[in-house]
Amino acid sequence: MRLSAGQSGAAGGDRMFLLRRDRAAAPAMRTLFPSVAQLRLELRFEGSASNIPVPQTHILHPAARAYFVFLCPYADCDGRFDLGAIVSSAVEDSLARAEGQLECTGSRVGGHSSRRLCHLRLHYVITSTDASGP
Ligand SMILES: [Zn+2]
């Protein structure tokens, strides 16, 4: 699944809209991952800035949308973290836990309309609970 390119200069409201639209179009967890009873995503952020975003925990049940794209928490950044492939491979390999890091590739609006790269690091822990049991 790819987004069409060419939406340069999308404002914050637009990327929220696109995210909501994509999430609404995503299949349900129970359709994509029928064996998963609960998926827990813990997101922690690390970086050099003084205002590091607060950690997030997302718990997805079978009725939830199987959509794992998270916008960079910085409101002035156009980056996003896509955990879709990571979640898919973790579930397919029946991993109870997957952990790793991603780096934001977006850029943030600086002073005088210059942009600088974000480089915010996301440390994720994905915990999957199996519906069928051992
Ligand atoms: Zn960012």
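Both ligands and their constituent atoms are indexed starting at 1 by order of listing.
Remark: R108 is positioned above the aromatic ring of Y74, its terminal NZ or CZ atom under 6.0 angstrom from the ring centre and at most 45 degrees off the axis.
Protein-derived N/O/S atoms nearer than 2.8 Å to the Zn ion (ligand 1) total 4, waters excluded.
Judged by distance alone, the side chain of R15 and the main-chain N or O of G79 form a donor-acceptor pair under 3.5 Å. With hydrogens and angles ignored, the 3.5 Å screen pairs no side-chain donor or acceptor of D82 with any backbone N or O of V69.
We find that R44 and E42 are not joined by a salt bridge, their nearest charged nitrogen and carboxylate oxygen being 4.0 Å or further apart.
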**Request:** Applying ring pair (Phe, Tyr, Trp, His ring centres under 6.0 Å), run through H58 and F70 and close with a yes or a no.
**Result:** CA-CA 11 Å; H58 300 271; F70 300 95; 4.6 Å; yes
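The side chain to side chain contact (heavy atoms under 4.5 Å, CB included) test applied to S89 returns no partner, not counting sequence neighbours.
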